[in-house]
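Shown next, in structure tokens, is the structure this report addresses.
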Amino acid sequence: MAVPWVSDLTLLAAILATLLPLCSFLVVMLFTRSHPRISAGLSIGAMSVSLLCALFLLNEHWHMEKPLEYAGRWLVSGSIEIPFGFLLDPVSLLMLAVVAVIGFLIQIYSLGYMAGDPGISRYYAFMSLFLWAMMSLVVAPTLFQLYIFWELVGLSSYLLIGFWYEKFSASQAGKKAFIMTRAGDVAMFLGMLLILLHLGNLSILEIDSPALAARMSPRLLTLSALLIFGGIIGKSAQFPLMTWLPDAMQGPTPVSALLHSSTMVAAGVYLFERLFPFFFFSPDAMTFGLFIGTLSMLLASTMALVTRDIKEIWAYSTISQLGYMIMGLDAGAFFSGAFHLTTHAAFKALLFLCSGVLIHTFETNDIYELGRKGGRSLKVPMACCCIAAGALAGLPPLSGFFSKGLILEGLADLSNPVWLIAALFGAFLTAYYAFRPIFIILFPREASGEPEVHSATSTSKDHSAGHSSSHYWLMGWPLILLAGATLCLGFLKAPLEHFMGQTALPGVKGIGHPVWLLYTEIILAVGGVGLAWMEFGRRCAQQVGFVEKIPALHRLFAERWYLDHFYGWFVDRVIDRGVSALFTQNDHRVIDGSIDGISRGTVETGRLISHMHLGMVQYRLLAMFVVMVLLAFYFFF
Amino acid sequence: MKWMLFSPEIFYLLAALCFLLLSMTGRLHRRRDHHIALALAVAGVAVCVASLQLEGSLFSETYKIDLFSQVFKLLLSVGLALVVGICSELRGIQERYEHEVYLLLFPCTLATMLLVSSIHWLGVYVSLELSSYSLYILVALRKDWTQGIEAGLKYFLVGVFASAMMLFGMVILYGTTGTLDVKQLAQILPGLMSHAAVVVGLLLALSGFFFKLAVFPFHFWAADVYQGAAHQIAAYIATVSKVAAIAVLVRMVAMLGGSSDYFVHVLAVLSVVSMTVGNLAAIAQKDLKRLLAYSTVAHAGYVLIGILSMNPGGYAGAIFYAMAILVMKFTVFLVLVKVAWDGTNLEVDGLAGLHRRSPLLAMALMVALFSLAGLPPTVGFTGKFLIFTAAMERGHFALVLIAMINVVISLYYYLLMLRAAYLLEPQEQCSPLSLSAPIKLLAGALVVVMVAAGIFPRYLMDLARNAAQGLM
Amino acid sequence: MPMEFAGFPFLSAILISCLAGFFIILCLPEARAREIKWVGAVCSGMTLALAIYLFFAYDKSRGGLQFVERVQWIPSLGIQYFNAADGFNLPNLLLSGIVFFTGVLTMWELEIRVKEFFALYFLMVTGVFGLFMSMDLFFIFVWYDVSLFPMYPLIAIWGTTRKEYGAMKLTLYLLAGSALILPAILYLFVQSGLNTFDIVRLMQPGTFTAYQQKFAFILLYLGFGILAGVWPFHTWSPVGHVAAPHGVSMVHAGVLMKIGAFGVLRVAMFLCPQGWQHWAQLMALLASIGIIYGVLVGLRQTDLKYVIGYSSVSHMGIVGLGLSTMTVSGLNGAVFQMFAHGVMTALLFSSVGYIYDRTHTKAIAELGGLSRIMPVASGYFIVAAMAGMGVPGLASFWGELLVLLSAFETYPIRGTLAISALAVSALFMLRVVQKTFYGPANPKYVDLQDVPFSLGVPRMILVTVILLFGFFPSLLLDMIETASIPFINGLPR
Amino acid sequence: MRIVPFGHVLLLAGLLFVMGAFCAVTRRNLVMIVLGVEIMLNAAGIAFVGSALRWGQLEGQACVFFILAVAATEVAVGLAMIVFAYRKTGSFDPAGYNQLK
């Protein structure tokens with residue numbers, strides 16, 4: 001790798017930030033598999049150094065004008081040149097910092113959560129693998145490198161979801177997640193190839209530059225944009241490929257917090273940011289993205305209304321918030337998507353970690369159960385949970401309000417009002433489903449008249465034994481930090497906008513501030529919380545949601561709009577029993593059959609001919625004579 | 001010094017006479033006869049080697065001695081020596097007639113030597129009949145008389161019928177051209193090739209050799225004779241008389257073949273049919289010797305490809321293939337004789353457990369089978385390779401393709417034999433085969449020859465090529 | 001015999017060390033199994049060391065044929081013992097060395113008839129090495145058959161399920177392939193009129209007319225394609241893999257199928273470029289069908305080795321697709337994939353072999369939760385399965401990436417078909433891994449002990465090779481590039 | 001001095017040859033088969049004499065003597081075998097000999 005040897009510090013920091021988790025992964029996997037303490041320490045140490053480097057890079061380049069790119073020659077094959085290196089600009093540095101901070105906090109949290117689990121060193125190894133893949137994905141200078149780490153992130157999510165592989169449901173969920181994201185990756189790979197064909201190389205800066213738009217016909221540009229958007233749909237669990245995320249909750253809760261809420265699923269949105277100018281050139285792709293974002297946001301919110309498993313609620317809310325970000329980006333508001341991604345990462349991780357503490361102590365995922373077992377007694381987690389839910393709902397002082405407001409303003413600038421109406425309705429639903437579990441846990445109904453415990457999806461208990469109080473504080477400390485972040489991140493809007501704005505992209509519209517939009521947003525948020533209070537918080541409320549009153553709707557949402565049934569039917573009927581059964585029969589009967597048939601045929605003719613030789617002597621003489629006569633006659637033809 | 005040219009034949013005549021005297025002494029000394037026969041055979045080989053470089057012609061230009069004939073005489077003498085080598089017990093022959101075996105073997109070899117170098121149709125006919133008749137009797141001497149007599153009769157009837165057809169062919173040739181001397185015919189025939197009578201006559205004339213080589217219409221005797229005859233006699237028929245048939249066919253076609261397409265087509269038809277019939281029939285065989293018979297028919301088909309391509313490469317290929325057949329077939333018969341030492345017929349499954357009973361024989365069988373199948377590092381492959389190259393030079397692509405398909409079919413039953421030897425476990429516990437030192441040496445030497453001729457075929461090929469030059 | 005040796009004849013040294021092993025084993029008495037195995041290990045280790053030395057000693061800047069060895073064998077027919085190393089055959093030589101060495105170590109626990117097994121094993125691998133290094137048509141065919149016929153006794157005697165049927169079918173099918181190759185080689189030899197089998201001389205443009213090239217190419221492609229598992233002719237490979245003992249199926253799937261692909265490259269494409277351009281469409285079609293077909297049929301298999309058999313049919317389809325695109329990166333990808341797939345399948349088979357030796361069953365339904373019982377052994381299988389799916393960081397990702405890149409350029413529809421197979425191959429591999437390794441531990445196998453270090457060595461070597469060439473593909477690609485660029489540029493337009 | 005054109009002689013020999021073959025193929029008696037072959041050999045003899053006359057050479061005549069000698073040995077060997085077979089199996093019918101499978 002002919003990289004110009006480290007003269008400046010930035011490159012060293014970038015290298016350290018990305019490669020250290022890889023080293024810890026290799027060291028843990030090869031040498032310290034049997035010493036959990038050492039492997040945990042190793043991976044947290046590596047993560048802390050990468051965190052420091054990420055933060056150092058962030059403030060070192062706070063005022064950078066043009067992006068920094070380092071590229072070393074990695075693989076040359078004929079006309080294709082695949083370099084390996086780093087692309088540092090505000091988009092990637094911000095994301096790098098987000099990933100590093102949340103990764104570090106969750107690794108600390110996991111010390112407490114996973115204590116006593118036999119596979120802890122394997123857990124930390126896979127976590128370091130994920131962090132290496134995610135960090136390198138973020139700073140990838142070319143789509144090749146991004147695609148490579150995109151797949152590696154998918155692999156680590158498979159390994160972490162299926163961490164407790166003894167549970168059949170965990171390995172099943174891991175397989176489902178991997179295949180669905182892989183389907184998206186296939187689309188993305190095709191989109192990449194289309195660009196490669198026309199551009200010659202896949203460096204991101206060149207893709208974003210107008211030069212590409214000049215080379216490709218608009219129709220082809222839209223097609224490749226749509227294909228790459230397919231990859232985003234796969235990774236960020238948008239409309240068609242969304243059902244793997246709620247199943248991914250089988251994994252340990254810190255994994256859900258890190259991967260399936262803030263960082264991994266956000267990779268899709270990050271890719272959108274990364275190629276924003278490229279997407280911007282094809283308006284049809286933007287409208288299609290807008291449609292997909294809205295659809296998945298609404299569907300996910302409706303699913304969150306009915307489910308009883310606390311982690312699944314936050315999983316659905318992640319899908320809907322990602323839908324929000326994509327709507328924001330597709331509406332052309334570049335900074336709104338990026339800012340919402342940052343704030344969402346913080347409060348969603350906080351939500352998961354709080355519910356992790358609850359699950360960890362009471363060993364059940366069901367919100368009614370948690371309520372009855374005295375969830376309210378744990379003061380710190382419940383407080384942070386309320387803050388995070390408030391941010392999710394978009395209540396004013398919290399970060400969620402600012403970032404969601406930006407998105408709504410972006411949508412307001414669009415000509416067609418339907419997107420804005422859908423977004424506002426979504427905001428209302430979000431507020432409602434955010435506070436439903438909070439009130440159920442805070443104001444549990446006594447044993448009498450409780451709706452009998454039945455959970456829509458069979459969520460088996462988390463695999464963790466009771467713990468001493470020392471772990472309590474290990475898990476508590478990250479919560480407080482994250483709660484602080486959700487509180488003050490909202491106020492960092494202006495400096496962040498300035499930081500992101502430096503490389504403001506041409507053609508991005510300025511964002512106006514219609515006043516009535518701000519008030520409607522607040523009213524809807526408070527209205528949602530009030531409705532939730534009405535149905536769950538009040539003393540005499542029956543704790544039955546307005547949706548659960550209509551059984552048909554209830555079942556529809558509980559069954560995830562029958563998407564899972566469709567996929568199950570498709571994989572089982574079409575692929576398994578249909579096409580591959582057809583091919584297998586063809587293989588056995590037609591191809592193999594014909595070859596065995598030929599060989600049996602020769603053996604039969606052999607037997608026939610050998611019988612011919614057993615006749616009387618005189619037949620042989622006759623045969624000789626006749627053949628020679630025939631050969632003689634042949635002369636005349 | 002003319003008689004020096006004739007020395008191999010004279011030697012074998014004297015040997016035959018000596019055995020005639022011995023057979024008249026009455027009492028049977030099996031060991032003594034065997035030792036004398038072995039000594040005489042080896043001496044015969046020495047004489048042939050000595051006379052290898054001789055050139056000249058005898059009996060007023062009807063008996064040609066050149067490298068071609070001398071090489072084949074050497075091959076025939078080596079074949080005889082090998083066959084005599086495995087005649088130590090001769091359990092397959094009735095005790096009373098054991099004298100006659102050597103008495104008839106030596107004249108038969110003498111006849112084949114005469115056949116090889118005579119270039120006058122009458123000489124060819126007489127020597128062919130002499131060798132056939134001695135073989136008819138040898139086949140009939142089997143201890144189990146029912147098999148022996150049936151095989152002898154069938155062999156006799158088919159043989160005599162074929163020689164009658166050959167004679168008629170000769171007559172037509174003589175009638176239309178006026179001469180029986182092959183050298184003169186070689187000048188006259190190219191002009192007359194358009195006449196039906198001449199070509200049919202030539203074809204009928206060759207039918208005698210087709211019978212000897214067991215080519216398609218004349219191969220009906222092969223299966224029954226191999227099964228009916230004693231193992232040693234079957235070995236002799238499979239090796240020595242095949243080599244002689246190839247020799248005389250090559251000489252006749254080389255000198256008389258000429259340019260007529262019809263003749264090439266007929267030979268091609270015969271070769272394809274005999275290949276296919278031989279291979280297909282061999283698949284369904286249970287008895288080992290019957291299977292070997294059909295495989296010989298198939299090999300006759302392969303040799304015919306070499307002969308019909310009518311170029312020096314083709315003839316050299318046929319000569320090389322003759323050498324290969326001699327070694328390959330003899331090795332399989334050596335294994336057969338040692339496994340079925342009591343002279344009874346052996347089933348293919350009778351080879352069961354051979355790898356345990358005697359690893360050396362099993363290895364020899366494996367190498368021989370792969371060589372018969374024509375797999376590379378062995379002499380069989382080089383033979384086939386030369387023949388196919390020659391055929392390809394004449395543009396017979398389809399013929400080569402059919403031949404290769406036949407090779408694959410033949411591999412099936414060779415692998416079945418290998419399976420029997422290496423995989424099957426014998427039902428009753430058979431004792432390990434104890435081989436005498438010379439036999440072990442012979443088996444090892446054969447394996448070495450087969451593999452060495454496959455890997456370094458250069459010298460043998462040059463010998464065959466020079467022999468083929470002399471023909472034109 | 002005029003000999004021409006450029007310095008110490010390394011290439012022949014590899015052959016000699018194989019043959020030496022063969023003869024020493026022949027001389028050792030049957031009872032001394034341990035010594036036979038050590039002789040096997042030493043000789044195979046020597047070939048590996050030589051292959052590695054050659055790999056790194058090859059001067060990439062100069063390129064072309066190096067370490068040339070030429071001995072006139074049969075001058076009258078223009079046959080010479082002509083060996084040379086270039087960008088295409090060095091990776092394959094390295095692959096054969098690795099798979100051969102690890103194959104011998106994997107068969108360390110063999111008890112029955114050890115002497116015959118290793119003798120035949122050495123003979124087979126001598127054929128493999130011979131074919132890769134030879135530049136003479138005659139010797140390519142000779143080594144092709146030498147590597148094939150030991151297959152019958154190896155599978156028929158030491159095989160597992162339906163061994164006799166599998167052995168007979170495999171041997172006859174592959175030799176039916178040679179029934180197509182020999183006529184084609186002779187046809188080329190005769191039509192060239194140069195009375196030589198030397199590929200370098202026959203390769204010069206203008207020796208054959210376009211019709212002759214088209215005619216010979218299809219025959220050679222079908223002949224070698226049968227061995228490379230090209231779609232309609234692939235049915236022998238799963239049957240053969242299941243029947244063969246795992247050491248043999250390692251070499252068989254790992255290296256022998258590469259001989260088929262290498263044969264197509266070295267003989268068919270070198271000598272008949274116009275034939276190649278003419279038939280490329282058919283090659284691409286069969287290859288992409290093979291990719292999809294192998295994966296889909298693999299989905300329904302219940303036997304572990306069948307699964308691996310069909311996955312290698314699919315991967316060989318990728319190699320075929322790479323060969324059919326007339327681009328440099330397509331060729332690079334194909335040769336790289338040959339190497340990567342070889343190592344990966346060898347690892348798959350050796351881990352299945354270990355599992356079979358312990359549980360005596362290959363049926364996926366009976367196995368379950370092995371990861372808990374023997375984590376290290378199942379870890380090897382899982383790494384190989386990941387490589388099978390084309391996970392980056394493992395060797396076969398780069399092969400697939402390059403092949404699919406160039407396939408998409410030349411054949412967009414077939415390229416898309418092949419790329420969509422990536423998703424199905426994930427489903428296929430993960431389903432196997434989940435059923436055999438995850439899920440509750442099967443009580444029957446609870447007391448099995450994990451793979452000890454000594455037995456783990458071969459599998460560790462394979463894993464490190466996969467990782468090494470996964471992280472640093474340029475090590476191999478620069479080598480292949482030195483041969484593919486001059487070849488593609490030299491093509492007549 | 002040519003009494004008959006050569007064609008006719010050849011035709012006679014051919015007819016005789018075919019009749020001999022027919023006799024050998026149809027008669028269900030071993031001796032008759034050998035007799036049939038004898039007829040075929042004599043047919044060849046006639047043709048030899050005819051062609052010797054046509055080409056005015058004595059070589060043809062010499063060949064006839066050889067044919068007679070060979071026919072004699074054929075009869076000797078053939079009948080010896082047939083007699084031996086008759087003594088053992090008691091029948092001349094060629095169909096009886098089909099034990100070899």
Side-chain angles (χ1 to χ4, degrees), chain B residues 312-313 316 355-356 359 362-363 366-367 369-370 373-378 381-382 384-412 414-416 418-419 421-424 454-462 464-466, chain C residues 1 26 30 72-77 79 81 113 115-116 119-120 123 126-127 130 138-139 141-150 152-153 156-157 159 163-164 167-169 171-191 193 195 197 215-216 219 223:
Chain B
H355 73 278
R356 250 185 309 92
M363 163 115 107
M366 175 140 109
V367 173
L369 286 179
F370 281 138
L375 292 178
T378 56
F381 170 72
T382 328
K384 282 200 172 72
F385 183 79
L386 288 174
I387 286 179
F388 290 158
T389 322
M392 196 61 91
E393 257 149 30
R394 302 286 291 189
H396 302 297
F397 183 83
L399 205 57
V400 172
L401 199 64
I402 294 167
M404 280 307 285
I405 292 165
N406 271 293
V407 163
V408 174
I409 296 171
S410 70
L411 188 70
Y412 175 68
Y414 289 133
L415 284 179
L416 283 183
L418 197 71
R419 182 178 72 89
Y422 272 83
L423 247 69
L424 293 187
I455 296 172
F456 310 103
R458 196 173 145 154
Y459 303 105
L460 282 176
M461 272 169 59
D462 291 346
R465 197 170 287 283
N466 300 341
Chain C
M1 280 201 297
L26 271 187
E30 172 81 26
Q72 292 305 334
W73 205 254
I74 307 174
S76 60
L77 284 173
I79 294 171
Y81 173 77
R113 291 166 81 169
K115 172 174 172 179
E116 284 157 318
L120 289 168
L123 204 59
T126 324
F138 175 79
F139 270 95
F141 186 78
V142 165
W143 294 122
Y144 175 86
D145 267 357
V146 164
S147 68
L148 284 193
F149 70 76
Y152 181 78
I157 299 168
K163 54 186 181 180
E164 271 163 42
M168 183 59 85
K169 176 168 186 162
T171 318
L172 284 189
Y173 212 128
L174 298 184
L175 281 158
S178 74
L180 286 172
I181 293 168
L182 188 58
I185 287 181
L186 291 180
Y187 177 76
L188 288 177
F189 168 70
V190 162
Q191 294 305 330
N195 188 18
F197 280 92
F215 179 68
L219 276 177

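We name chains A, B, ... by the order of the sequence lines, and we start the count at 1 in each one.
- Contact of B/Pro359 with chain C is not made at all, since no heavy-atom distance falls under 4.5 Å.
- Aromatic ring pairs are classed by plane angle as parallel below 30°, tilted from 30° to 60° and perpendicular above 60°; the pair B/Phe385 and C/Phe138 is perpendicular.
- Note on ring orientation: taking the six-membered ring where Trp is involved, the planes of B/Phe397 and C/Phe215 are perpendicular (angle over 60°, cut-offs 30° and 60°).
- A pairwise comparison of heavy atoms in C/Ala179 and B/Ile405 identifies CB-N, 4.4 Å as the closest pair.
- The line from CE of B/Met392 to CG of C/Leu188 is 9.0 Å long, rounded to the nearest 0.5 Å.
- Atom CE of B/Met404 is separated from atom OG of C/Ser178 by 4.5 Å, given to the nearest 0.5 angstrom.
- Only the side chain of C/Glu164 comes within less than 4.5 Å of a heavy atom of chain B; its backbone N, CA, C and O stay farther away.
- Only the side chain of B/Met461 comes within less than 4.5 Å of a heavy atom in chain C; its backbone stays farther off.
- Proximity to chain B is absent for every atom of C/Ile185, based on heavy atoms less than 4.5 angstrom apart.
- The aromatic rings of B/Phe370 and C/Phe149 sit tilted, their planes meeting at an angle between 30° and 60°.
- The greatest number of non-hydrogen atom pairs below 4.5 Å with chain B, out of C/Val190, C/Leu180, C/Ile79, is found for C/Val190.
- Heavy atoms of C/Leu182 lying under 4.5 Å from chain B belong exclusively to its side chain.
- Between B/Arg458 and C/Ser76, every side-chain heavy-atom pair lies at or beyond the 4.5 Å cut-off.
- Using a 4.5 Å heavy-atom cutoff, the side chains of C/Leu175 and B/Val407 are not in contact.
- The part of C/Glu116 that comes within reach of chain B is its side chain, from C-beta onward, which places non-hydrogen atoms under 4.5 angstrom from that chain.
- For a residue to count as touching a neighbouring chain, one of its non-hydrogen atoms must lie under 4.5 Å from one of that chain's; by this rule B/Arg419 touches chain C with backbone and side chain alike.
- Annotation for B/Leu423 and C/Ala156: closest pair CD2-O, 3.5 Å, computed over non-hydrogen atoms.
- Of the listed residues B/Ile455, B/Leu416, B/Leu418, the one with more heavy-atom pairs under 4.5 angstrom with chain C than any other is B/Ile455.
- Both the backbone and the side chain of B/Tyr422 come within less than 4.5 Å of a heavy atom of chain C.
- The two residues C/Val146 and B/Pro377 have their closest heavy-atom pair at CG2-CD, 3.8 Å.
- Of the two parts of C/Tyr187, the backbone and the side chain both hold a non-hydrogen atom closer than 4.5 Å to a non-hydrogen atom of chain B.
- Note that CG of B/Leu375 and CG of C/Leu148 are 9.0 Å apart. Values are rounded to the nearest 0.5 Å.
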